[in-house]
Amino acid sequence: MQTRLSVNVNKIATLRNARGGNLPNLKQVVLDCERFGAEGITVHPRPDGRHIRYSDVYDLKKIVTTEFNIEGYPSKEFIELVLDVKPTQVTLVPDPPEALTSNDGWDTLKYADFLKEIIHQFKNSGIRTSIFVNPDAKMVEHARSTDTDRIELYTESYATNYTTDRDAAIAPFISAAKKAEELNIGLNAGHDLSLVNLHFFNQQIPNLLEVSIGHALICDALYYGLEKTISLYLNQLKK
Ligand code: PXP
């Protein structure tokens, strides 16, 4: 089965917010991403609303016809939002409110009970759960005790090290992915994936179900256009 591409549209909202109007039109971009072949839409609302706002999440829920994935730190407000909107998937990240972007995975040992309680609430509402973890087999092992459906491997280190030694860069991800498979945990991945490094990652991780990609994809769209860019990313994901 081909790995699904979920397009993270946070950057579209960032651009819109820079001028205060409705250009680019986030809803139209989302519809177009799906029309061009995206198999999911990801949003990451942050408490200060500097890119995706809570109101955007409600608007997008009405129009997304593929898989809707909401990422974020599980604050009280975030949990209420997700339970209300009922996306296909929620991805829990441990980033503090002021973080520029997600910058670490969960310590799944320390936060196992905290995560388990929240994950049960989401699963009871029919929402698939995923938690953001570093490529560390121990962290994957402890993720099992949270009862999460999936984990999302944090790929920043892979992307950074890819150009110097791609085999070394992928090694911890292969171990983490094998552990996830052994424990029957579904596998997603994201952060800094791009046309440069995506194909190799996907080839090396056979149980990869989904990638969520924002920054590089939107940057590529400046040169290739959105339609061509999405097709280029989909091509990288062919097994
Ligand atoms: N996964 C998570 C948990 C994220 O926070 C982000 C960035 O918002 C991504 C994936 C996508 O990362 P990028 O924008 O670098 O593709």
Side-chain angles (χ1 to χ4, degrees), residues 3-15 17 26 29-30 33 38-53 56-57 60 67-75 78 82 87-108 111 115 128-135 139 143 148-162 169 173 176 186-199 201-202 205 208-222 226 229-230 232-234 236-237:
T3 307
R4 291 181 83 97
L5 172 66
S6 185
V7 175
N8 179 318
V9 293
N10 266 37
K11 285 280 141 40
I12 303 298
T14 308
L15 192 56
N17 298 350
L26 179 70
V29 173
V30 162
C33 284
E39 295 145 322
I41 298 294
T42 293
V43 292
H44 191 144
R46 286 203 161 79
D48 61 6
R50 67 180 184 269
H51 26 58
I52 289 289
R53 302 175 181 133
D56 290 325
V57 180
L60 296 186
E67 293 201 348
F68 194 29
N69 175 42
I70 308 179
E71 299 171 350
Y73 177 81
S75 62
F78 178 84
V82 174
T88 320
Q89 175 175 272
V90 60
T91 301
L92 303 178
V93 295
D95 60 346
E98 67 281 2
L100 199 58
T101 180
S102 302
N103 53 18
D104 206 358
W106 286 101
D107 180 335
T108 51
Y111 292 101
L115 288 168
R128 191 172 77 217
T129 59
S130 181
I131 58 175
F132 201 47
V133 295
N134 291 323
M139 287 297 125
T148 189
D149 299 305
R150 294 190 185 184
I151 54 170
E152 178 181 329
L153 292 178
Y154 176 33
T155 47
E156 188 270 340
S157 62
Y158 164 73
T160 303
N161 298 323
Y162 176 88
F173 291 85
L187 195 73
N188 297 342
H191 223 288
D192 299 298
L193 293 173
S194 69
L195 288 176
V196 173
N197 58 42
L198 182 59
H199 183 256
F201 191 86
N202 190 51
I205 311 282
L208 185 61
L209 296 171
E210 176 190 300
V211 287
S212 69
I213 307 183
H215 189 78
L217 188 151
I218 301 303
C219 292
D220 288 329
L222 291 174
L226 196 53
T229 299
I230 289 178
L232 289 170
Y233 276 81
L234 289 171
Q236 305 297 312
L237 291 171

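We're numbering straight along the sequence, starting at 1. For ligands, and for the atoms within them, numbers begin at 1 and follow the listed sequence.
Legend: residues meeting ring pair (Phe, Tyr, Trp, His ring centres under 6.0 Å) with H44, ordered by chain and number and at least two apart, are absent. Applying the side-chain hydrogen bond (donor to acceptor under 3.5 Å, both in side chains) test to T155 and every residue at least two apart in sequence or in another chain returns nothing. Annotation: side chain to side chain contact (heavy atoms under 4.5 Å, CB included) contacts of T160 (sequence neighbours excluded): E156.
Ion pairing of R50 with D48 is present here, as a side-chain N (NZ or NE/NH1/NH2) and a carboxylate O approach within less than 4.0 Å.
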Note every protein N or O atom lying under 3.5 Å from an N or O atom of ligand 1, pairing the names and giving the distance.
{"from": "ligand 1", "atom 1": "1 (N)", "to": "E71", "atom 2": "OE2", "distance (Å)": "3.2"}
{"from": "ligand 1", "atom 1": "1 (N)", "to": "E152", "atom 2": "OE2", "distance (Å)": "2.6"}
{"from": "ligand 1", "atom 1": "5 (O)", "to": "H44", "atom 2": "ND1", "distance (Å)": "3.2"}
{"from": "ligand 1", "atom 1": "5 (O)", "to": "E71", "atom 2": "OE1", "distance (Å)": "3.2"}
{"from": "ligand 1", "atom 1": "5 (O)", "to": "S102", "atom 2": "OG", "distance (Å)": "2.5"}
{"from": "ligand 1", "atom 1": "8 (O)", "to": "N8", "atom 2": "ND2", "distance (Å)": "3.4"}
{"from": "ligand 1", "atom 1": "14 (O)", "to": "H215", "atom 2": "N", "distance (Å)": "2.9"}
{"from": "ligand 1", "atom 1": "15 (O)", "to": "D192", "atom 2": "N", "distance (Å)": "2.8"}
{"from": "ligand 1", "atom 1": "16 (O)", "to": "G214", "atom 2": "N", "distance (Å)": "2.8"}

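In this model, a donor atom of one side chain and an acceptor atom of the other lie less than 3.5 Å apart for N69 and Q89.
In this pair, F173 and Y158 present their aromatic rings perpendicular. The plane angle is above 60°, beyond the 30 to 60° band.
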